[in-house]
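Notes follow the structure.
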Number of protein chains: 2
Amino acid sequence: MFEDARADMTDVLGNKGAQLGEMQSIGIPIPPGFVISTRACVAYLKKKELPEELRREILVALRRVEEKVDKRFGDTGDPLLVSIRSGAPVSMPGMMDTILNLGLTDQTVKGLAEKSGSEWFAYDTYRRFLYMFGNIVLGVEEKQFDAILDVQKEREGVRLDQELSVEGLKKVVAEYKRLADMPQSPEQQLFMAVEAVFNSWNNKRARSYRKHQGLPDDVGTGVVVQTMVFGNFDDDSGTGVAFTRNPATGKKEFYGEFLVNAQGEDIVSGKRTPKPVNELRKVFPQAYRQLAEMADRVERHYRDMQDMEFTIQQGTLYILQTRTGKRTARAAVTIAVDMVKEKLISKNEALMRVSTEDIEKILHPVIAPGEQYTPLTRGLNASPGAATGVIVFDPEGAAALGKKGKKAILVREETTPDDIHGITAAQGVLTARGGITSHAAVVARGLGKPCVTGCDGLHINEDKGQCRIGDQAFREGDVITIDGSTGEVMQGELTLVPPSFAAETETFLSWADQVRRMGVRANAATVEGAQQALKQGAEGIGLCRTERMFNAPDRLPIVRDMILAQDRKERMEALDKLLPLQKGDFKEILRTMSPRPVTIRLLDIPLHEFLPSQEELLQELNYLKDFDAAVRSLQEIPSISRVLDPELHVYLPSVEKFMEELTNDKYHALSEKLLREKSVLLDKVRSLEEVNPMLGHRGVRLGITYPEIYDMQIRAVYEAAAELLKEGVEVLPEIMIPQVCTAQELKWAHRRVRTIAREVEGRYGVKVPIKFGSMIEVVRACMRAGKLSEIAEFFSFGTNDLSQATFSFSREDAEKKFLPLYNQRKILQDNPFSVIDRKGVVRLMKIAMEWGKKTRPDLKVGVCGEHGGDPYSIHIFHGIGVDYVSCSPFRVPIARLAAAQATLKEEENRRRGVEPED
Amino acid sequence: MFEDARADMTDVLGNKGAQLGEMQSIGIPIPPGFVISTRACVAYLKKKELPEELRREILVALRRVEEKVDKRFGDTGDPLLVSIRSGAPVSMPGMMDTILNLGLTDQTVKGLAEKSGSEWFAYDTYRRFLYMFGNIVLGVEEKQFDAILDVQKEREGVRLDQELSVEGLKKVVAEYKRLADMPQSPEQQLFMAVEAVFNSWNNKRARSYRKHQGLPDDVGTGVVVQTMVFGNFDDDSGTGVAFTRNPATGKKEFYGEFLVNAQGEDIVSGKRTPKPVNELRKVFPQAYRQLAEMADRVERHYRDMQDMEFTIQQGTLYILQTRTGKRTARAAVTIAVDMVKEKLISKNEALMRVSTEDIEKILHPVIAPGEQYTPLTRGLNASPGAATGVIVFDPEGAAALGKKGKKAILVREETTPDDIHGITAAQGVLTARGGITSHAAVVARGLGKPCVTGCDGLHINEDKGQCRIGDQAFREGDVITIDGSTGEVMQGELTLVPPSFAAETETFLSWADQVRRMGVRANAATVEGAQQALKQGAEGIGLCRTERMFNAPDRLPIVRDMILAQDRKERMEALDKLLPLQKGDFKEILRTMSPRPVTIRLLDIPLHEFLPSQEELLQELNYLKDFDAAVRSLQEIPSISRVLDPELHVYLPSVEKFMEELTNDKYHALSEKLLREKSVLLDKVRSLEEVNPMLGHRGVRLGITYPEIYDMQIRAVYEAAAELLKEGVEVLPEIMIPQVCTAQELKWAHRRVRTIAREVEGRYGVKVPIKFGSMIEVVRACMRAGKLSEIAEFFSFGTNDLSQATFSFSREDAEKKFLPLYNQRKILQDNPFSVIDRKGVVRLMKIAMEWGKKTRPDLKVGVCGEHGGDPYSIHIFHGIGVDYVSCSPFRVPIARLAAAQATLKEEENRRRGVEPED
């Protein structure tokens with residue numbers, strides 16, 4: 001009997017039986033029943049015969065069920081009907097057989113009809129039983145049953161089963177019975193059904209499932225025999241679904257829906273409109289009270305939000321199932337936080353209840369507050385968050401761009417299930433048709449992608465690769481921005497920032513901060529980035545890329561002058577102009593982050609990245625030459641304006657002015673000057689060209705070749721820090737050297753830092769508290785870690801470059817050429833540039849950390865590659881003792897949670913004596 | 001006294017003093033003398049005063065010398081003269097002072113004149129003594145002495161010192177004495193000179209030398225006081241140099257030259273022609289016999305060929321110095337081998353006596369026997385061996401090309417000492433002037449570079465960057481080949497091969513083979529290469545690069561078809577054509593190497609390397625278009641031949657034929673076809689383009705993408721081996737997979753090998769004994785070594801790629817952009833692509849070997865990078881337990897010796913308890 005079963009008896013009773021016992025034990029009104037043990041199954045399978053004793057025990061149990069529900073099995077007045085289900089120790093969903101409505105015979109069906117007041121219901125139920133029994137127990141093919149039903153429907157001229165007449169059903173029943181020797185004794189039915197479930201343990205489906213899942217073949221299945229209850233028994237019956245809390249918002253409120261005189265499938269089908277569960281209070285007040293009490297009870301028992309299926313038969317409430325309820329990401333956080341407040345769960349449990357994917361979904365980016373824009377049009381706000389990307393009309397295109405790491409917005413009439421790969425790969429979805437429950441909306445919400453649907457202002461001409469949004473024409477590849485929170489669609493790329501947190505998210509993440517061992521910093525190179533970093537809870541900046549500052553429009557011309565300098569003097573002149581600008585950057589970032597650490601990486605990228613490409617320059621040169629030739633021929637033609645290409649108007653304010661300039665030779669001088677300049681630039685670009693730029697003249701190699709550049713940067717850091725200190729602003733800058741592969745390089749850089757430190761500190765009269773460290777992104781640096789840490793106070797693993805070097809993969813090339821095939825063929829499980837490679841790169845990291853700490857036991861170790869924001873990688877980093885990760889501000893909250901979960905998981909493993917994986 | 005001194009007393013007596021004692025002890029007739037100890041020097045330097053006791057001891061020793069030579073110090077009849085030399089425990093050549101002819105005074109000079117029979121000799125000697133003593137002991141400036149001498153020479157109207165009259169010398173002596181207070185007591189002279197030598201320990205030169213060499217400052221110098229002997233004393237005197245064996249050939253013969261009545265400098269100056277030392281037999285028969293006996297004695301004592309300086313004074317032989325004689329590389333081998341036969345030294349000692357540089361010098365390449373050529377001209381065969389390279393007229397150009405790894409021939413009128421960097425960098429030297437003892441010849445021989453001098457057929461116009469050789473015009477950058485063994489100069493690049501060995505080299509290297517632990521294989525991809533490998537003593541082929549076979553002119557079009565294939569079927573067609581060709585290659589190589597192992601590496605390089613470059617194709621396309629346009633305009637001009645650019649003649653057999661083709665439109669069809677083909681090719685090339693080709697789509701990554709290619713290669717290996725086995729030829733092929741970074745890749749390749757093995761072995765009915773292994777050239781492979789060796793039976797370190805990945809240096813870029821600076825600044829000691837990086841790459845190798853052998857203790861480990869032929873790297877590889885190295889056939893003999901020396905060095909270190917470096 002269920003009342004004797006408990007959740008921890010799955011071995012003997014199977015999972016389903018044990019769970020039913022557990023529910024029963026806490027007083028949940030489940031339809032009564034009992035379980036036949038797995039041991040009986042194993043014994044049966046050996047002899048292929050139900051032992052007499054087992055038969056007796058089954059009947060004894062059945063008697064007790066009869067007593068509980070006050071019905072008799074085989075009673076022609078009010079017959080007890082039961083379901084027979086398999087239930088293995090480990091759930092094997094859909095693998096084995098189930099028989100419902102067992103106990104119906106030609107006699108009992110009449111009692112059912114009378115009691116329920118519906119002959120149709122009774123015969124339909126009988127028909128269904130015969131179908132299942134005949135098929136599963138007696139092996140009659142399904143199509144034989146179907147044929148009989150189809151013939152009858154044709155006879156009556158109806159399309160649906162429900163439209164059949166009672167007489168028709170009776171005819172069908174009669175014909176079904178003729179298909180096989182259907183036993184008219186309920187007890188015989190029961191024994192045969194139990195045998196059939198036992199046998200289903202060894203059917204082909206079940207065997208291959210177990211093989212696939214690595215489950216043992218010799219444990220057998222339990223059999224659950226349970227009273228049938230019918231929500232469609234009469235008007236005093238009904239059925240419904242209830243959540244113990246709102247699964248959308250997480251709010252603590254009774255949530256769900258129900259239908260009177262209906263079966264579960266009536267709710268799903270949508271034929272009848274279900275009512276909110278609260279209205280149950282009016283219809284079945286007692287059942288409602290009981291249900292509400294049950295909701296409270298199951299939550300307290302299972303310590304999580306529950307999703308309950310219930311049925312009311314003739315006024316009596318039955319809970320058919322309760323399970324942990326699915327919820328949105330936002331609800332997950334709210335429920336976790338609330339349950340801690342309600343003392344239902346601990347903070348640590350709460351932290352394990354919300355996944356990093358949930359946090360990622362909550363943190364849909366939004367359009368930066370300062371952005372100025374006018375929407376092109378507006379649709380329905382179907383899934384929150386903003387997204388920007390190029391227009392793509394087909395899912396394949398979106399998927400292809402996604403693989404390349406490009407951002408796309410899938411723009412479609414409406415989406416279908418076939419489009420799922422495109423939606424997954426896209427940044428967001430924009431559809432012309434469909435509501436907020438359309439396919440696109442539902443899928444996008446599930447994936448946490450911004451989505452705008454039902455956008456009337458959108459007209460797509462896919463064949464031409466064009467569309468209109470509002471009044472404007474776009475082609476595939478043009479960039480737009482959508483805001484799924486407002487439904488707005490904008491032209492071009494708007495700056496997106498992470499959203500502000502809801503209060504409970506703040507609370508939740510603050511708990512993560514209390515738990516985690518690893519620090520979380522952000523990668524940021526601007527004041528705005530630093531502000532975002534703070535807002536997302538970063539404890540500092542782990543990577544401030546100074547080349548970003550070089551690339552700013554007001555700097556680039558000076559940087560180019562520096563590169564094109566003919567000698568040290570010219571180079572120094574350019575650097576002298578850069579110094580105050582860079583100092584200003586550092587000052588504002590350090591001020592924003594005060595008193596937190598800011599790790600400033602000196603220039604890393606090769607110089608040619610600051611110059612236009614050869615192709616660009618060649619094109620420009622050719623253009624200049626062509627233009628020159630065009631001008632010469634123009635001069636020979638009297639009526640210029642007729643000949644002039646409209647494109648040229650862009651370059652020329654007016655034809656008259658143009659001709660004027662031509663006549664006074666200004667043009668020629670200009671043209672020649674330009675040609676000369678571009679040629680010089682082209683020569684420089686050619687001289688800087690590299691066969692393998694990833695392994696080229698960059699990082700500290702560049703620093704050593706042009707010491708003036710690093711000197712300027714070091715001086716900018718020191719002066720910025722010194723000036724802030726004099727203002728009373730606490731600062732903690734850290735200088736980090738990129739691409740280090742020998743101790744000599746680091747010593748060289750350290751000497752320059754000390755020299756400039758002495759000079760600046762002397763000049764300002766303050767002591768600047770700077771730390772000095774090394775990027776570890778070259779394999780040799782790992783091998784030399786013990787030597788490097790003599791000088792470096794911290795290591796920061798640049799896992800992007802380190803992964804490239806470890807695999808000898810160029811990321812750009814590999815992701816285009818062979819990584820997809822490698823992942824598909826399982827030669828590599830993951831893309832090592834997204835998920836850290838545990839077996840290779842991490843081993844190198846461990847060696848580097850071990851050797852580095854041997855020399856300097858208090859060496860700080862961080863990770864500032866892209867992997868610093870990936871939850872799985874964060875677990876790995878935690879496991880090898882990394883001190884902090886640094887990632888994009890967007891991913892800081894994810895990292896905070898992942899780091900906390902890693903700590904908790906480690907503690908749990910320690911408790912359970914689980915060794916960490918190598 | 002020398003007789004009390006021994007070689008192991010250098011600490012107390014200084015090196016020179018101890019060596020003199022050693023010579024004395026084995027009965028070599030050295031001029032008698034004694035040594036003042038370094039301790040006396042240290043004591044003196046503290047007090048700056050010669051203690052009374054030391055003075056007494058010096059005089060006692062001097063008395064004993066007087067007795068030995070039967071002359072008296074200060075004797076006016078036949079005075080004893082001595083030299084005073086410094087001699088520190090560690091030799092400091094030229095750093096401290098020497099005084100000769102001490103003991104001459106106004107009185108004793110007369111006795112010297114009388115005894116030698118030459119007043120001139122006596123006063124010249126006195127003059128020299130005064131100069132040295134005045135300068136070194138009394139601090140008179142050299143120019144003051146020189147001025148006096150010059151005035152006297154002017155007075156007498158002579159140019160050389162030797163032309164002065166006796167009277168003139170006497171005047172000079174008188175004036176020299178006036179420059180300072182020259183002591184006329186020989187004993188006072190002696191004490192003052194000793195003090196001066198003691199003080200010279202602390203002169204500026206000596207101090208800075210010690211600092212530079214890391215020598216201690218507090219040990220002091222010894223002082224050697226030795227009887228002067230004069231080869232120019234009279235006609236019964238003479239001087240000479242003798243080698244105990246021929247230093248050019250190594251032949252065991254008494255070798256050297258002498259002059260009667262002459263000083264050592266007379267031999268060097270070349271004024272008088274010395275006579276061969278054998279003629280001494282006639283002139284001074286007794287001295288000759290004694291000298292010959294001494295030659296034998298010193299060789300037996302020092303166990304190496306000696307270079308002796310001797311002087312005969314008045315019939316008595318004195319050996320002034322004996323030291324290990326310099327010798328040519330060829331002589332080094334011959335002497336080492338002969339001395340073993342003579343039981344003077346052991347084989348192991350012989351192996352340490354010849355350097356790998358010597359072997360390298362002996363192994364000058366020669367022009368391959370099969371090459372057909374006609375010399376342009378012929379000069380003098382100044383330094384043996386052949387070389388090929390581009391013509392460079394200036395040493396700077398040669399040095400610049402050398403840095404880029406390009407081969408140059410320095411072509412010059414004649415060379416001067418300023419050109420040394422160019423000669424060092426060049427492959428060989430060709431000069432228009434100079435004999436076989438000219439600067440170019442001597443330097444080239446020393447460096448072991450081929451050289452042709454005195455080439456009358458060479459006329460250089462350096463300003464125009466042109467030259468004529470024989471009847472032909474050349475420009476800088478054109479390729480020539482010179483043969484320094486014949487003096488011939490050829491146009492273009494001829495194939496060079498290593499020379500055949502002299503018999504003693506064979507013997508010598510066979511001893512190396514007996515000693516060395518590491519195997520030595522060669523890298524070869526052709527039958528010719530395999531033959532060379534065998535000839536040079538390789539024990540197998542360690543790297544057979546299959547792409548070399550793909551690049552052969554008869555294969556390349558098929559390979560291109562394969563790359564351009566639209567589908568698998570087309571690709572298979574091309575591969576089916578390649579299979580028999582590749583099988584043929586393998587068969588011949590395996591047959592040549594039978595029964596030795598041949599490691600065949602499957603295709604490694606990216607596909608685009610088989611296609612022309614984008615630039616080439618664009619140029620071709622442009623050319624085609626331009627040509628097309630030119631043809632069109634040509635057609636409109638009646639007289640074609642006048643317009644046609646002479647360059648076009650190269651492309652067109654004749655103008656008539658050309659026009660004919662134009663008229664029948666053949667040309668247009670061809671032109672269009674070409675344009676189309678080139679465009680298709682260009683598209684493919686663009687699609688294969690990579691940002692970082694070194695880290696790109698190559699090796700096993702390519703194999704997995706296009707399995708048909710590896711299948712074809714594996715099949716070719718198996719079929720070749722099977723066919724040979726059926727012929728009864730023993731074979732040992734090894735299949736090696738390049739660029740492996742995961743165990744899955746290796747498993748994949750191994751599955752294909754097994755599948756094809758079964759198929760081929762079944763078909764041929766033989767079992768093919770193939771080994772399967774992995775290149776280890778990706779860092780991750782090192783980290784996964786323990787997993788890889790589950791499948792791989794051997795590892796072969798590709799140290800070129802592994803070094804690139806470990807440093808994150810692209811070799812091509814690094815050597816151009818920053819490696820020279822890194823070496824110059826000592827950030828890196830060596831170029832890690834020439835000399836293996838002990839601290840980084842070798843650590844990775846050690847980890848890989850340790851982990852690999854944990855799984856498979858009998859794992860074979862080889863090195864097939866360029867480092868496999870570098871002696872220092874070979875020592876390192878030996879130290880970490882590598883089983884074999886594989887290098888270019890040219891370097892196999894070097895590797896054989898280096899491997900032997902590594903073994904011997906290791907044994908010696910073990911004996912001496914020296915720990916290997918980490």
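In this text the structure is predicted, and so the values were computed from the model without any measurement. Order of the sequence lines fixes the chain letters, A, B, ..., with proteins taken first and strands second; residue numbering starts at 1 for each chain. Note that these values count all heavy atoms, side chains included, but never hydrogens, waters or copies made by symmetry.
- No more than 12 heavy atoms of other residues, nucleotides or ligands sit less than 6.0 Å from atom NZ of B/K787.
- Counting heavy atoms from C-beta outward, B/F833 and B/E812 have side chains that stay 4.5 Å or more apart.
- Using a 4.5 Å cut-off between heavy atoms, B/A814 does not touch chain A at all.
- With A/R752 contributing its side chain and A/W748 its backbone, the two residues share no donor-acceptor pair below 3.5 Å.
- Contacts of A/R825 with chain B are made by side-chain atoms alone, with heavy-atom separations under 4.5 Å and no backbone atom involved.
- Residue contact with chain A, scored on non-hydrogen atoms closer than 4.5 Å, is absent for B/K747.
- Looking at B/V700, the atoms closer than 4.5 Å to chain A (heavy atoms on both sides) sit in the backbone and in the side chain alike.
- Among the residues in residues 684-692 of chain A, those with a non-hydrogen atom closer than 4.5 angstrom to a non-hydrogen atom of chain B are A/S687, A/L688, A/E689, A/E690, A/V691, A/N692.
- Proximity of a side-chain donor or acceptor of B/Q614 to a complementary backbone N or O of B/L682 within less than 3.5 Å is not detected.
- Listed for the B/S873 side chain is no donor-acceptor partner under 3.5 Å among the backbone atoms of B/V835.
- With a 4.5 Å cut-off on side-chain heavy atoms, B/M694 and A/L695 count as touching.
- With a threshold of 4.5 angstrom between heavy atoms, B/L702 does not approach chain A through any atom at all.
- For B/T742, the part lying near chain A is the side chain, with the backbone staying farther off; criterion is any non-hydrogen pair under 4.5 Å.
- Within the 3.5 Å criterion, the main-chain N or O of B/L603 finds a donor-acceptor partner in the side chain of B/Y710.
- With a 4.5 angstrom heavy-atom cutoff, A/L821 touches chain B only via side-chain atoms.
- Qualifying salt bridge (Lys or Arg N to Asp or Glu O under 4.0 Å) partners for B/R784, counting only residues two or more places apart in sequence or in other chains: none.
- Side-chain contact annotation: B/Q829 with B/N823, donor-acceptor N/O pair under 3.5 Å absent.
- If you measure heavy-atom distances from A/D837 to chain B, the contacts under 4.5 Å come from the side chain alone.
- Contacts with chain A were tallied for B/E777, B/R698, B/E745; B/E745 has the most, counting heavy-atom pairs under 4.5 Å.
- Each of A/C741, A/S803, A/G840, A/S808 has some count of heavy-atom pairs under 4.5 Å with chain B, and the biggest count is that of A/S808.
- For B/H697, the ring-ring contact (aromatic ring centres under 6.0 Å, His included) test picks out A/F818, with sequence neighbours left out.
- For a residue to count as touching a neighbouring chain, one of its non-hydrogen atoms must lie under 4.5 Å from one of that chain's; by this rule B/I704 touches chain A with backbone and side chain alike.
- Contact count versus chain B (heavy atoms, under 4.5 Å) is highest, among A/M783, A/Q744, A/R780, for A/R780.
- With sequence neighbours excluded, the residues satisfying ring-ring contact (aromatic ring centres under 6.0 Å, His included) with A/F610 are A/F550.
- Proximity to chain B is limited to the backbone of A/K826, based on heavy atoms less than 4.5 angstrom apart.
- Taking the side chain as every heavy atom from C-beta outward, A/F795 and A/R856 never approach each other to under 4.5 Å.
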